[in-house]
Amino acid sequence: QVQLVESGGGLVQAGGSLRLSCAGSGRTFSRYGIGWFRQAPGKEREFVAAISWTGGSTYYADSVKGRCTISRDNAKNTVYLQMNSLKPEDTAVYYCAARSLGGTSYSSQDYNYWGHGTQVTVSS
């Protein structure tokens, strides 16, 4: 089992940057694939980015491709989401999730564990 805690959210102006962190507990965290999802008010949760357990494979939603970078530091049990050129439509609660199979997936159903989320608000 793994527990996840997101941090790094906040209020930023359009065009700005944020780096979100997802800290995981447990010695097996490095074996999990990690995904980032987001949910805006009144909308369904949507995929943002994912990284395999080795970090060798990454996958991005078209809406953030070229603006976001996902990375991980298994020595620190942490996955990062660097977000640049933020837009008001990026405003949402951002969640990280872990999947025990270790690969990447855009489907929330493939993830076993979820954090509680961190709020990102982008003002115009």
Side-chain angles (χ1 to χ4, degrees):
Q1 189 171 355
V2 64
Q3 293 182 325
L4 305 171
V5 178
E6 303 93 337
S7 62
L11 173 64
V12 64
Q13 288 188 330
S17 299
L18 284 174
R19 188 177 79 159
L20 306 184
S21 297
C22 172
S25 64
R27 291 178 294 175
T28 60
F29 177 81
S30 63
R31 298 299 182 95
Y32 286 82
I34 301 295
W36 283 96
F37 293 79
R38 66 186 182 186
Q39 188 167 18
K43 295 187 177 181
E44 293 186 353
R45 189 171 296 187
E46 66 173 359
F47 170 75
V48 177
I51 189 166
S52 62
W53 69 281
T54 64
S57 177
T58 58
Y59 186 35
Y60 297 92
D62 288 343
S63 59
V64 303
K65 198 173 294 183
R67 299 190 296 120
C68 291
T69 303
I70 189 170
S71 61
R72 68 188 300 160
D73 184 343
N74 284 339
K76 296 182 178 180
N77 276 10
T78 302
V79 171
Y80 305 98
L81 183 68
Q82 177 68 44
M83 303 190 297
N84 301 321
S85 301
L86 284 162
K87 305 174 182 180
E89 51 263 44
D90 293 318
T91 295
V93 177
Y94 284 70
Y95 301 88
C96 67
R99 65 188 304 251
S100 57
L101 289 179
T104 58
S105 174
Y106 63 85
S107 174
S108 61
Q109 295 182 348
D110 290 338
Y111 291 83
N112 310 100
Y113 305 101
W114 292 80
H116 292 294
T118 184
Q119 175 71 48
V120 171
T121 303
V122 184
S123 63
S124 58

If you round to the nearest 0.5 Å, how far is [atom2] of [Y] from [atom1] of [X]?
| X | Y | atom1 | atom2 | value |
| --- | --- | --- | --- | --- |
| N74 | T54 | CG | OG1 | 8.5 Å |
| M83 | T69 | CE | OG1 | 11.0 Å |
| C96 | H116 | SG | NE2 | 10.5 Å |

### Query
side chain to side chain contact (heavy atoms under 4.5 Å, CB included) between L101 and W53: does it pass, once the steps are laid out?
CA-CA 9 Å; L101 289 179; W53 69 281; over 6 Å; no

Give a yes or no on this: more than 12 heavy atoms of other residues, nucleotides or ligands lie within 6.0 Å of atom [atom1] of [X].
| X | atom1 | result |
| --- | --- | --- |
| Q3 | CD | no |
| Y113 | OH | yes |
| R45 | CZ | yes |

### Message
Parallel, tilted or perpendicular, judged at 30° and 60°: which one describes the rings of F47 and Y59?
### Response
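Tilted, since the angle between the ring planes falls between 30° and 60°.
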
Mind listing the closest non-hydrogen atom pair of [X] and [Y] along with its distance?
| X | Y | value |
| --- | --- | --- |
| W36 | S21 | CH2-O, 3.6 Å |
| S17 | N84 | OG-OD1, 2.9 Å |
| L11 | S123 | CD1-CB, 4.3 Å |
| R67 | S85 | NH1-O, 3.1 Å |
| Y60 | C68 | CE2-O, 3.3 Å |
| A14 | S124 | CB-CA, 4.4 Å |

ILVMFWY cluster, [X] and [Y] together (side-chain gap under 4.5 Å):
| X | Y | result |
| --- | --- | --- |
| L4 | L81 | yes |
| F37 | I34 | no |
| I51 | Y106 | no |
| V93 | W114 | yes |

### Message
Set out, in order, the CA-CA distance, both residues' side-chain angles and the distance that settles side chain to side chain contact (heavy atoms under 4.5 Å, CB included) for V79 and I70, then state yes or no.
### Response
CA-CA 7 Å; V79 171; I70 189 170; 3.9 Å; yes

### Task
Please determine if R19 forms a cation-pi arrangement with Y80, meaning its NZ or CZ atom is less than 6.0 Å from the six-membered ring centre and no more than 45° off the ring axis.
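So R19 does make the cation-pi contact.
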
### Query
On the ring face of F29, is R72 found with NZ or CZ under 6.0 Å from the centre and within 45° of the axis?
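Cation-pi check for R72 and F29: passes.
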
### Query
Taking NZ, NE, NH1 and NH2 as the nitrogens, is one of them in K87 or D90 under 4.0 Å from a carboxylate oxygen of the other?
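Looking at D90 together with K87, the answer is no, because their closest N to O distance does not fall below 4.0 Å.
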
### Query
With respect to R38, which candidate in V64, V120, T91 satisfies the side-chain contact (heavy atoms from CB on, under 4.5 Å) definition?
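Filter result, single survivor: V64.
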
### Task
Evaluate side chain to side chain donor-acceptor pair (under 3.5 Å) for R99 paired with Y111, printing each intermediate quantity in order.
CA-CA 4 Å; R99 65 188 304 251; Y111 291 83; 5.1 Å; no

### Task
Check the pair E6 / L20 against side chain to side chain contact (heavy atoms under 4.5 Å, CB included), numbers first and verdict last.
CA-CA 7 Å; E6 303 93 337; L20 306 184; over 6 Å; no

